[in-house]
Number of protein chains: 4
Amino acid sequence: MTAAAPAPRGRAASRGRIDKRQAILDAAFTVFANRGYAGACMEEIAEVAGVAKHTVYNHLGDKESLFHAAMEAAGSAVMAENLALAEQLTVDQSAVASTAGGQADPVRTRLEDVGRLLLHQCCDPRSWALRRLLHAEITRFPDLLEAVWGRGADRLRQTLADRMARLSLAGLLRPCDPVEAAEQFLALLTGPMEARSQLGTRPVPDAERELVAHAAVSTFLRAYRDAAPGASPSPSSLPATA
Amino acid sequence: MTAAAPAPRGRAASRGRIDKRQAILDAAFTVFANRGYAGACMEEIAEVAGVAKHTVYNHLGDKESLFHAAMEAAGSAVMAENLALAEQLTVDQSAVASTAGGQADPVRTRLEDVGRLLLHQCCDPRSWALRRLLHAEITRFPDLLEAVWGRGADRLRQTLADRMARLSLAGLLRPCDPVEAAEQFLALLTGPMEARSQLGTRPVPDAERELVAHAAVSTFLRAYRDAAPGASPSPSSLPATA
Amino acid sequence: MTAAAPAPRGRAASRGRIDKRQAILDAAFTVFANRGYAGACMEEIAEVAGVAKHTVYNHLGDKESLFHAAMEAAGSAVMAENLALAEQLTVDQSAVASTAGGQADPVRTRLEDVGRLLLHQCCDPRSWALRRLLHAEITRFPDLLEAVWGRGADRLRQTLADRMARLSLAGLLRPCDPVEAAEQFLALLTGPMEARSQLGTRPVPDAERELVAHAAVSTFLRAYRDAAPGASPSPSSLPATA
Amino acid sequence: MTAAAPAPRGRAASRGRIDKRQAILDAAFTVFANRGYAGACMEEIAEVAGVAKHTVYNHLGDKESLFHAAMEAAGSAVMAENLALAEQLTVDQSAVASTAGGQADPVRTRLEDVGRLLLHQCCDPRSWALRRLLHAEITRFPDLLEAVWGRGADRLRQTLADRMARLSLAGLLRPCDPVEAAEQFLALLTGPMEARSQLGTRPVPDAERELVAHAAVSTFLRAYRDAAPGASPSPSSLPATA
DNA sequence: AATGAATGAGGATTCATTCAT
DNA sequence: TATGAATGAATCCTCATTCAT
């Protein structure tokens with residue numbers, strides 16, 4: 001593994017360092033997630049990472065720093081995924097035009113796709129672990145919010161709000177406060193999952209998540225699509241919710 | 001201290017016992033909320049409760065039992081309050097009738113009242129502490145969910161669903177799945193608070209909570225009040241649908 | 001040991017506590033003396049004291065507090081002994097008078113007695129241990145000086161100065177600054193011991209200490225007894241000066 | 001840095017080695033003085049010396065060897081200074097003769113000069129640090145005495161004794177045991193400084209040191225100059241002491 | 001020769017729990 | 001029953017020292 005070719009010394013070395021650092025961060029997140037901050041012990045983290053106890057200290061300082069670093073790493077990974085998803089919430093005009101008068105409902109489809117994916121990510125074990133640790137330690141480490149969400153949560157909402165604004169401008173949603181729309185869209189999606197997944201301790205079947213996503217989008221569209229004459233969101237979807 | 005009057009021995013004594021037990025439970029919840037389960041120490045709990053360390057053991061057993069008991073006590077208190085609120089979600093017919101054609105919108109008003117109060121309780125420091133501890137320790141104490149929500153969360157949703165069903169039957173809401181309606185109503189209310197209160201570490205001003213409640217109810221009504229052809233969700237059009 | 005008779009509860013209990021506390025302090029001083037502050041370990045102290053490690057913490061707090069307490073205890077014991085000695089430096093007039101014209105020299109005798117005893121105490125292993133620890137840790141614990149000497153060293157010098165002043169007033173020493181006299185008397189006594197005992201690591205035989213005491217007193221008297229014209233400092237001439 | 005001139009390689013290199021070795025020794029002494037032996041850590045020493053940790057091991061072996069070397073280096077430096085001073089204690093006959101019957105007192109002057117300088121060196125921070133470390137570690141490293149004083153302390157006393165003997169032979173001091181005279185001269189000089197400088201933690205003003213030196217010499221001369229008729233040490237100095 | 005990473009042992013401290021009163 | 005003292009296990013962290021480059 002250390003190499004097909006001898007390779008430039010410096011790079012090989014720092015690559016080793018980086019790998020080890022990453023291994024420690026991963027191990028730390030796993031152990032913290034399992035035991036909580038206070039319950040986690042450095043020894044186990046080192047063990048899981050496959051390094052000596054002191055190596056952990058060399059790389060990432062004391063327990064508190066390690067915790068911050070591990071949370072930040074996990075946080076930015078999760079956030080990046082969420083943002084990437086949110087950015088996919090676009091509906092190109094051609095799709096709309098081409099289906100005018102037909103059965104398809106490209107807005108609904110797109111929302112449901114994005115919703116389903118967001119929900120999928122939110123129910124990811126790592127996401128739940130992150131959220132649980134955040135809740136658990138937020139009072140003792142108030143900086144965590146900034147470190148983990150790092151404007152990320154807000155950015156998610158803002159990104160969604162951007163898309164909502166565009167949809168609204170395009171006449172695909174009624175005029176509305178896009179930030180509020182984003183906030184409520186997220187609430188309708190993720191709100192029900194807390195109870196359904198029992199705070200992340202029960203794996204939610206795909207089908208159930210789809211149901212929730214579908215219901216969220218239906219309600220959202222009912223509320224946010226201009227209730228023009230005959231504007232029941234789309235006849236075909238009604239029976240499912242009712 | 002309890003000796004001011006001789007008093008019926010038995011009762012005085014057990015009253016003292018009960019008081020002490022309650023004091024310990026309260027102290028335990030406070031300390032656990034501040035330090036987390038692993039970080040809390042029995043000594044501090046005893047200190048806060050004003051009893052000797054060993055007395056804690058006498059009354060409530062070891063740390064784990066104490067934690068369960070404290071969480072259960074706090075949980076049922078919070079749940080009781082929430083249930084009481086949910087049960088208030090009724091709209092008497094006379095009110096509806098008497099305002100027919102007028103400006104008032106008793107359904108909206110009622111929903112907003114209940115929503116505002118639910119939000120108020122959800123933002124209570126004790127509620128947040130409970131939720132944080134639940135998130136924090138759920139993986140290590142899976143029984144907590146049952147002990148704390150004790151079907152309570154579900155009961156809240158069911159109670160709300162009952163009310164929704166009645167409103168729907170009364171024609172005040174469109175035909176719908178009342179459980180889903182309850183779930184989404186709660187989601188629209190409480191979902192936004194997580195970010196806004198920064199996981200309960202930022203006190204949310206009353207005005208902001210009202211805004212959220214108002215927005216939630218508006219969206220909820222747009223989606224759940226029958227959008228008859230040409231039905232704009234504005235309050236003035238309600239009588240027509242009812 | 002804890003008692004022939006059951007004895008009054010309270011007293012027996014606190015006596016036990018006090019004994020244990022004292023045992024810990026003694027053990028601590030011993031271990032600190034052997035290993036130095038940083039080199040000493042709480043475990044060994046507990047072992048030597050015959051208690052559990054945590055009991056040490058219960059009684060005397062952390063390592064630093066324990067160190068202070070142990071040093072203070074040892075210091076005041078040593079200081080008390082020294083002061084008691086210094087106070088013995090008196091020459092009653094009758095003794096002086098009754099020996100007039102004779103061979104005896106009560107001032108010299110008294111000084112030598114006190115000097116010998118002071119030297120004896122200064123060479124005590126405990127005294128050396130105390131002095132060594134003081135030197136060793138004074139830069140890291142500047143408060144130690146106050147805690148250990150606690151005006152004690154100064155009080156020793158002052159007490160000696162008092163005696164010197166009386167001797168001077170009585171005409172047994174020439175007029176002089178009594179504080180300076182005391183300081184130099186101590187210097188002549190103890191100064192040579194540092195090298196001779198190799199900083200306290202070599203036991204100094206009694207005979208050698210006596211020699212030093214004798215030399216110190218001789219030099220002191222030569223300098224501090226009025227050198228009247230023609231006064232050779234030889235003992236035989238003493239009566240003439242007195 | 002060493003590259004200004006190509007320079008004979010061998011010499012430049014070993015010069016570099018020597019410089020580095022010296023830098024490590026200096027750093028070690030500083031750190032040991034600040035933290036004590038057990039409290040010092042190799043890392044800090046390396047840091048202060050500006051080299052990598054392992055370089056310290058390469059040059060000077062393990063912690064114990066390093067300590068010995070650092071103490072020995074500091075010790076011989078201090079000792080050399082002291083010896084150089086002691087050797088200056090000479091009074092040339094011409095000076096004595098030329099001032100016979102006059103006011104000047106060349107013996108006193110010389111003793112005071114030397115005393116003042118010795119005291120100055122004894123109060124040097126490095127001297128105190130050395131003495132403190134010696135006291136601190138003497139029981140764990142009995143060889144230190146030999147390594148640091150390396151017969152140095154004794155040599156100081158012997159050198160002083162030589163001078164005393166010469167003075168005595170020259171009739172400038174009364175007949176006496178020169179070793180004892182040297183010992184007591186040193187005791188009178190340095191004895192008082194321990195308390196006055198608070199074991200070296202308080203900087204003693206020049207004036208105070210001069211006072212001590214003056215008093216020491218006065219007492220020494222009273223005791224060691226033949227108390228021939230009118231032999232009060234020097235009229236001018238009396239008022240000061242009296 | 002010099003460096004930086006890695007290690008394993010050891011020590012201070014905290015804590016849940018038990019005993020004696 | 002209530003208490004305060006005592007315990008032993010467990011945990012974070014530091015340090016002297018070695019290895020690979």
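Per chain, numbering begins at 1; letters A, B, ... match sequence-line order.
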Does any N or O in the side chain of D/Lys63 come within less than 3.5 Å of the main-chain N or O of D/Ala40, such that one atom is a donor and the other an acceptor?
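Yes.
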Please check this pair: side chain of B/Ser76 against backbone of B/Glu72, looking for a donor-acceptor N/O pair closer than 3.5 Å.
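Checking the backbone N and O of B/Glu72 against the side chain of B/Ser76, a donor-acceptor pair under 3.5 Å is found.
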In whole Å, I'd like the distance from the [atom1] atom of [X] to the [atom2] atom of [N].
X       : N      : atom1 : atom2 : answer
C/Asn58 : E/dC19 : CG    : C1'   : 14 Å
B/Asp19 : F/dT1  : CG    : C1'   : 16 Å
C/Glu44 : E/dA12 : CD    : P     : 10 Å
D/Phe67 : F/dA16 : CZ    : C1'   : 16 Å
A/Tyr37 : F/dT11 : OH    : C1'   : 12 Å
C/Ile45 : E/dG11 : CD1   : P     : 12 Å
A/Leu66 : F/dT11 : CG    : P     : 16 Å
A/Glu64 : F/dC13 : CD    : C1'   : 14 Å

OP1 or OP2 of E/dA6 sitting under 4.0 Å from any side-chain N/O of A/His59?
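True: A/His59 side-chain N/O within range (under 4.0 Å) of E/dA6 OP1/OP2.
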At under 4.0 Å, does any side-chain N or O of A/Thr55 touch on OP1 or OP2 of E/dA5?
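The answer is no; no side-chain N or O of A/Thr55 sits under 4.0 Å from OP1 or OP2.
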In the strands shown, is E/dC19 matched to any nucleotide by a Watson-Crick or G-U wobble pair with both distances under 3.5 Å, and which?
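F/dG4 is the nucleotide pairing with E/dC19.
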Under a 3.5 Å cut-off for both distances, is E/dG11 Watson-Crick or wobble paired, and to whom?
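With both distances under 3.5 Å, E/dG11 matches F/dC12.
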For the residue pair C/His135 and D/Trp128, categorise the inter-ring angle as parallel (less than 30°), tilted (30 to 60°) or perpendicular (more than 60°).
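Geometry flag for D/Trp128 against C/His135: parallel rings.
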Parallel, tilted or perpendicular for A/Phe141 and A/His68, by the 30°/60° rule?
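Answer is perpendicular, since the angle exceeds 60°.
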Of the options F/dG4, E/dA6, F/dT17, whose atoms approach the side-chain atoms of D/Lys63 most closely?
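In terms of side-chain proximity for D/Lys63, the closest of F/dG4, E/dA6, F/dT17 is F/dT17.
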With the side chain of A/Tyr57 defined as its heavy atoms from C-beta on, choose the nearest nucleotide among F/dT7, F/dC12, E/dA2.
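Out of F/dT7, F/dC12, E/dA2, the nucleotide with an atom closest to A/Tyr57's side chain is F/dC12.
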For C/Met42 and B/Gly61, take the nucleotide of DNA chain E holding the closest heavy atom to each; which residue's nucleotide lies nearer the 5' end?
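Whichever sits nearer the 5' end wins; that is C/Met42.
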Toward the 5' end of DNA chain E, which comes first, C/Asp62 or B/Cys41, by nearest nucleotide?
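Residue closer to the 5' terminus by nearest nucleotide: C/Asp62.
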Sugar-phosphate only, base, or nothing, as touched by C/Ala40 at under 4.0 Å among non-hydrogen atoms:
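If one applies the 4.0 Å heavy-atom cut-off, C/Ala40 turns out to touch the sugar-phosphate alone, with no base involved.
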Using a strict cut-off of less than 4.0 Å between a Lys/Arg side-chain nitrogen and an Asp/Glu carboxylate oxygen, indicate whether C/Glu44 and C/Arg35 qualify as a salt bridge.
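Looking at C/Arg35 together with C/Glu44, the answer is yes, because their closest N to O distance falls below 4.0 Å.
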Between A/Lys53 and B/Gly50, which is nearer to the 5' end of DNA chain F once each is assigned its nearest nucleotide?
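It is B/Gly50 whose nearest nucleotide is closer to the 5' end.
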Using heavy atoms to find the nearest nucleotide of DNA chain F for D/His54 and A/Glu43 separately, return the residue whose nucleotide is more 5′.
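Checking each residue's closest nucleotide, the 5'-ward one belongs to A/Glu43.
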